[in-house]
**Student:** 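What follows is a single structure, and I will ask about it in a moment.
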Protein chains: 4
Amino acid sequence: MKKSPGTLSRAGQRRQREKEGRREAILKAAMTLFASEGYNQASMEHIADEAEVSIGTVYINFKSKEEILAHLMDEIAYEIRKIVGDNFRTVEDPYEGMRKSGIAFMTEFCQKYPEKIIILYRESVGKSPLLEAHREKMHKQLVADLQGAVETLKEKSGFRFRSGLSSEIIATCIGGMYERIAYQFIIWQNRTDELDEASEEVVDFIVGGVNSLRMK
Amino acid sequence: MKKSPGTLSRAGQRRQREKEGRREAILKAAMTLFASEGYNQASMEHIADEAEVSIGTVYINFKSKEEILAHLMDEIAYEIRKIVGDNFRTVEDPYEGMRKSGIAFMTEFCQKYPEKIIILYRESVGKSPLLEAHREKMHKQLVADLQGAVETLKEKSGFRFRSGLSSEIIATCIGGMYERIAYQFIIWQNRTDELDEASEEVVDFIVGGVNSLRMK
Amino acid sequence: MKKSPGTLSRAGQRRQREKEGRREAILKAAMTLFASEGYNQASMEHIADEAEVSIGTVYINFKSKEEILAHLMDEIAYEIRKIVGDNFRTVEDPYEGMRKSGIAFMTEFCQKYPEKIIILYRESVGKSPLLEAHREKMHKQLVADLQGAVETLKEKSGFRFRSGLSSEIIATCIGGMYERIAYQFIIWQNRTDELDEASEEVVDFIVGGVNSLRMK
Amino acid sequence: MKKSPGTLSRAGQRRQREKEGRREAILKAAMTLFASEGYNQASMEHIADEAEVSIGTVYINFKSKEEILAHLMDEIAYEIRKIVGDNFRTVEDPYEGMRKSGIAFMTEFCQKYPEKIIILYRESVGKSPLLEAHREKMHKQLVADLQGAVETLKEKSGFRFRSGLSSEIIATCIGGMYERIAYQFIIWQNRTDELDEASEEVVDFIVGGVNSLRMK
DNA sequence: TATGAATGAGAATTCATTCAT
DNA sequence: AATGAATGAATTCTCATTCAT
């Protein structure tokens with residue numbers, strides 16, 4: 001008994017659920033292995049094993065290994081943009097928004113998902129032209145978001161920056177600061193518990209930096 | 001006619017020069033190829049070709065591909081520490097020193113040797129446990145230098161920081177800012193000519209940031 | 001139509017057969033090449049070609065070249081122990097058993113499978129620590145079998161040996177005699193047809209030797 | 001002041017001595033390394049280092065690595081033939097000669113020079129066609145010597161063997177017995193101290209074996 | 001759709017031998 | 001004669017991707 005097109009039979013729904021479950025399992029396995037062994041060392045066979053599917057199934061869901069990493073990068077970037085954006089917009093005062101979003105990034109993202117930090121800042125770096133292009137696009141978005149926030153700050157506070165370049169510089173600097181703090185405290189050293197404290201200082205540093213580029 | 005031990009015949013001197021020349025050629029070739037094609041894509045055969053020596057000769061000089069990259073990293077780190085350190089110490093006022101050294105890094109290093117920036121910030125990232133350890137050590141030194149400068153600043157200016165963590169946070173942030181600025185302007189976008197302008201703003205940002213972590 | 005777990009579809013059975021066929025083909029190719037060109041000279045590519053599979057397939061079946069040789073050694077040792085053991089046990093009189101098994105080794109094994117003799121006595125010698133350890137274990141088993149036979153002989157005949165070492169010495173000597181006879185007549189010289197005659201004399205030599213170590 | 005041809009100046013004599021010393025050093029180094037690391041693993045560079053000469057000097061003295069091993073094999077074979085032959089001829093009674101020479105081989109050669117046993121029975125096996133040919137020639141001589149001794153025994157004792165093949169079979173068996181006893185007790189197990197005891201039993205085994213091939 | 005055996009290009013590394021000095 | 005840097009062919013092994021079932 002065929003259903004009308006567009007709807008799915010119960011069995012079809014189950015298959016659909018299973019299919020998505022498999023896709024999720026593959027992404028999860030890949031994230032775990034990329035973070036623990038490194039992108040190059042984690043073979044497709046290993047990923048398939050970890051996800052409890054066959055290699056073939058991995059290729060049904062993703063057309064290449066690169067694509068898996070690209071997908072993970074997108075997911076991670078989306079989460080970060082969401083956390084940062086939501087926290088920025090929650091409060092009225094944009095200075096407070098910067099503080100809040102920075103601290104949220106550190107304590108609600110970095111501290112909770114260290115593997116994602118490893119993927120973002122270590123395992124996606126310098127892998128291939130395609131992935132590097134993807135990474136560039138991703139960072140461009142993050143910087144654009146930050147720049148937007150800086151512009152908002154400027155407008156709401158009614159000041160001007162030293163030059164047309166300033167807001168981009170600021171946004172880029174902020175991105176770099178968070179990256180290196182996370183890299184040092186999470187990837188190299190195991191000081192995740194100090195991130196609360198650190199993030200407080202980082203946001204103050206940022207606010208001080210931003211203000212020093214104000215005209216007058 | 002035997003020379004006294006320790007000195008070399010003219011012919012010996014020439015051979016010695018040739019030997020060193022070959023070593024340099026290999027490093028140069030590796031740097032060029034790592035920067036243009038990426039570490040993984042640049043095969044030892046390719047490097048040997050580019051250096052106009054045989055594969056065997058590469059292995060006489062470096063015991064593995066990893067070692068070549070480690071050597072390049074050391075060289076680059078040494079140059080950066082020298083440029084930054086020299087410029088910091090040239091002037092009396094440590095604020096001025098920070099400005100000067102930051103601008104020097106951007107204009108005398110990044111602008112002139114983009115391949116070194118690529119090696120440092122892209123091609124050495126996440127390659128292997130050994131190289132990652134090397135990279136950590138390298139960054140630790142750079143951060144230690146920066147932290148030293150920040151401490152000097154603090155002492156000469158006679159203030160205190162908010163916490164014992166502050167100077168480390170500041171140094172780490174500075175490292176991250178320069179990294180990402182260089183990455184964006186040199187590796188991803190071709191805006192090397194804007195680095196002069198950008199670096200001025202970055203150093204001001206830094207000074208503002210540092211001051212905002214001062215006690216009181 | 002799904003089969004119950006544990007059974008295979010006809011197609012699955014065929015695939016299973018093909019898989020095993022490939023494994024056999026690889027072992028056969030390796031045996032042939034190790035015997036004709038030598039273990040070191042026979043490259044994995046060469047083996048794969050001879051077996052009409054790809055190099056990758058060789059590595060699916062055996063994790064290294066060493067493992068292929070180790071496997072061949074095991075197979076050969078198993079066959080020898082079987083032939084020798086079966087023939088020894090077929091007859092009641094242990095003297096007759098020694099004669100029969102020795103002659104069987106020569107005429108039913110050495111004469112028929114000269115490549116196996118080459119692998120066993122030439123190509124597995126001194127290749128690597130791992131293989132040497134494997135070889136030691138293998139020979140220890142063969143000697144233990146022979147020693148068991150000698151002990152049986154002793155007990156059934158109701159005599160004692162000169163010392164506690166005697167049966168081990170005898171077993172070791174027997175192993176060495178067969179080895180060298182096979183090496184000389186099969187590997188170095190092409191006198192396989194004389195092995196019938198030779199083995200008769202060897203077994204008599206052995207019987208005489210054994211008796212000369214009897215007490216009294 | 002040129003000396004007449006055929007004589008050497010003092011300096012020339014010294015150079016000659018040094019040259020021979022170097023050759024000896026190379027052979028000694030090669031023996032040590034072949035025995036400890038194996039023929040394939042011992043590189044020419046390693047041998048040169050151990051002999052405290054350059055690679056070039058090794059090649060002045062021996063035209064290839066194979067030749068070094070061939071030379072060592074010759075030396076070892078010569079020593080064995082000398083020890084065995086001298087001991088056989090020392091006594092009148094050929095049975096006693098067999099006993100004496102066998103025991104001498106075990107206690108004066110195997111026990112004292114385990115590296116030579118390793119070279120002879122392990123490291124020279126199955127290396128290359130050339131070396132295998134060399135090895136065959138060497139063993140043929142050893143077997144011929146043994147066969148000569150067996151023939152002497154036969155003639156002095158005034159008996160005949162079962163067949164024309166007998167003396168060759170006996171000689172070959174003897175060679176194999178000593179080989180395997182030495183391999184087991186020296187190379188695989190560290191029971192060099194038991195060789196005294198073992199060799200006594202081996203020679204009795206041999207005598208018993210020889211007699212069992214006597215006609216009637 | 002799912003499977004996983006098969007593929008084979010590609011990579012790093014070794015080392016006997018040569019030869020200019 | 002002695003040196004030892006240079007050579008480069010050869011080898012083992014990996015792994016992303018394909019495709020017949």
Side-chain angles (χ1 to χ4, degrees), chain A residues 15-16 18-19 22 40-49 53-68, chain B residues 8-12 14-16 18-19 22-23 40-49 52-66 68, chain C residues 8-12 14-16 18-19 22-23 40-49 52-68, chain D residues 12 15-16 18-19 22 40-49 53-68:
Chain A
R15 274 202 300 276
Q16 183 67 24
E18 281 173 359
K19 189 171 180 313
R22 265 186 284 269
N40 289 321
Q41 281 60 50
S43 69
M44 288 299 256
E45 196 187 347
H46 205 150
I47 293 168
D49 271 8
V53 298
S54 68
I55 293 183
T57 301
V58 176
Y59 276 90
I60 287 166
N61 285 276
F62 301 93
K63 83 171 199 294
S64 68
K65 196 181 173 188
E66 274 183 328
E67 215 198 60
I68 298 178
Chain B
L8 262 71
S9 66
R10 301 282 299 269
R14 202 209 57 223
R15 273 200 301 274
Q16 184 67 25
E18 279 172 359
K19 191 172 176 320
R22 260 183 286 267
R23 194 181 160 86
N40 289 321
Q41 281 59 50
S43 71
M44 287 301 253
E45 195 185 350
H46 208 146
I47 295 169
D49 270 8
E52 298 184 310
V53 298
S54 68
I55 292 185
T57 300
V58 177
Y59 278 93
I60 287 169
N61 285 277
F62 302 94
K63 79 171 202 294
S64 67
K65 195 179 168 188
E66 271 186 331
I68 299 180
Chain C
L8 262 71
S9 66
R10 300 283 299 269
R14 203 209 57 225
R15 272 200 302 274
Q16 185 66 24
E18 279 172 0
K19 192 170 175 320
R22 262 183 285 267
R23 195 182 160 86
N40 289 321
Q41 281 60 49
S43 71
M44 288 300 253
E45 196 185 349
H46 208 144
I47 293 169
D49 270 8
E52 297 184 309
V53 298
S54 68
I55 292 185
T57 300
V58 177
Y59 278 94
I60 287 169
N61 285 277
F62 302 93
K63 79 173 202 294
S64 67
K65 195 180 167 186
E66 271 185 330
E67 218 197 58
I68 299 179
Chain D
R15 273 201 301 275
Q16 184 66 25
E18 281 172 358
K19 190 171 177 313
R22 264 187 284 268
N40 289 320
Q41 281 59 50
S43 70
M44 289 299 256
E45 196 187 347
H46 205 150
I47 293 168
D49 271 9
V53 298
S54 68
I55 292 183
T57 301
V58 176
Y59 276 91
I60 287 166
N61 284 275
F62 300 93
K63 82 172 200 294
S64 69
K65 197 182 172 186
E66 274 184 329
E67 216 198 59
I68 298 179

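Here is the naming used below: chain letters follow the sequence lines, and residue numbers restart at 1 for every chain.
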**Student:** Can you check whether D:Arg22 has a side-chain N or O nearer than 4.0 Å to OP1 or OP2 of F:dA2?
**Tutor:** yes
**Student:** When the distance from CD of D:Glu67 to P of E:dA16 is rounded to whole Å, what number comes out?
**Tutor:**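 It is 15 Å, rounded to the nearest whole Å.
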**Student:** Could you give the CZ-to-C1' distance, from B:Arg23 to F:dA6, as a whole number of Å?
**Tutor:** 16 Å
**Student:** One character per nucleotide, please: for nucleotides 9-14 of chain F, 5' to 3', B when the base has a protein heavy atom closer than 4.0 Å, S when only the sugar-phosphate does, - otherwise.
**Tutor:** ---SBB
**Student:** Please report the interatomic distance CD1(D:Ile55) to CG(D:Asp49), rounded to the nearest 0.5 Å.
**Tutor:** 8.0 Å
**Student:** Around atom CD of B:Glu18, are there more than 12 heavy atoms of other residues, nucleotides or ligands at under 6.0 Å?
**Tutor:** yes
**Student:** For DNA chain F, write out the stems as range with range, using runs of 3 or more consecutive Watson-Crick or G-U pairs with both distances under 3.5 Å.
**Tutor:** E:2-21 with F:2-21
**Student:** Closest approach of D:Thr57 and D:Asn61, non-hydrogen atoms and distance?
**Tutor:**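 Nearest pair, atom of D:Thr57 first, then D:Asn61: O-ND2, 2.9 Å.
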**Student:** Whole-Å distance between F:dT3 P and D:Asp49 CG?
**Tutor:**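 Spelled out: CG on D:Asp49 to P on F:dT3 is 12 Å.
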**Student:** Decide if atom CD of A:Gln41 counts as having more than 12 heavy atoms of other residues, nucleotides or ligands within a radius under 6.0 Å.
**Tutor:**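 Enclosed: over 12 neighbouring heavy atoms sit under 6.0 Å from CD of A:Gln41.
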**Student:** Where do B:Val58 and B:Ile68 land on the side chain to side chain contact (heavy atoms under 4.5 Å, CB included) test, with the steps shown first?
**Tutor:** CA-CA 9 Å; B:Val58 177; B:Ile68 299 180; 3.9 Å; yes
**Student:** Would you say A:Ser54 places a side-chain N or O within less than 4.0 Å of OP1 or OP2 belonging to E:dT3?
**Tutor:**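 A:Ser54 to E:dT3 OP1/OP2: side-chain N or O found under 4.0 Å.
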**Student:** To check you understand the geometry: which heavy-atom pair defines the closest contact between C:Arg23 and C:Phe62, and what is its length?
**Tutor:**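 Scanning both residues completely, I find the closest heavy atoms to be NH2-CE2, 3.5 Å.
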**Student:** Tell me: CD1 of D:Ile47 to C1' of E:dC15, nearest whole Å?
**Tutor:**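 In whole Å, E:dC15 C1' lies 11 Å from D:Ile47 CD1.
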**Student:** What's the separation between atom CZ in A:Arg22 and atom OG in A:Ser54, rounded to the nearest 0.5 Å?
**Tutor:**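 The CZ atom of A:Arg22 sits 9.0 Å away from the OG atom of A:Ser54.
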**Student:** From CD of C:Glu18 over to P of E:dT3, roughly how many Å is that when rounded to an integer?
**Tutor:** 21 Å
**Student:** Just wondering, more than 12 heavy atoms not from D:Glu45 lying within 6.0 Å of its CD?
**Tutor:**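 It does not: D:Glu45 CD has 12 such atoms or fewer within range.
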**Student:** Verify the contact: side-chain N or O of C:Thr57 to OP1 or OP2 of E:dT7, cut-off strictly under 4.0 Å; return yes or no.
**Tutor:**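 For E:dT7, OP1 or OP2 has a side-chain N or O of C:Thr57 closer than 4.0 Å.
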**Student:** Find the distance B:Gln16:CD to F:dG4:P and express it as a whole number of Å.
**Tutor:**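 To the nearest whole Å, that distance equals 12 Å.
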**Student:** Rounded to the nearest Å, what distance is computed from the CD1 atom of residue C:Ile60 to the C1' atom of nucleotide E:dG8?
**Tutor:** 11 Å
**Student:** What closest approach, in Å, do B:Lys65 and B:Asn40 show between heavy atoms, and which atom pair accounts for it?
**Tutor:** NZ-O, 3.6 Å
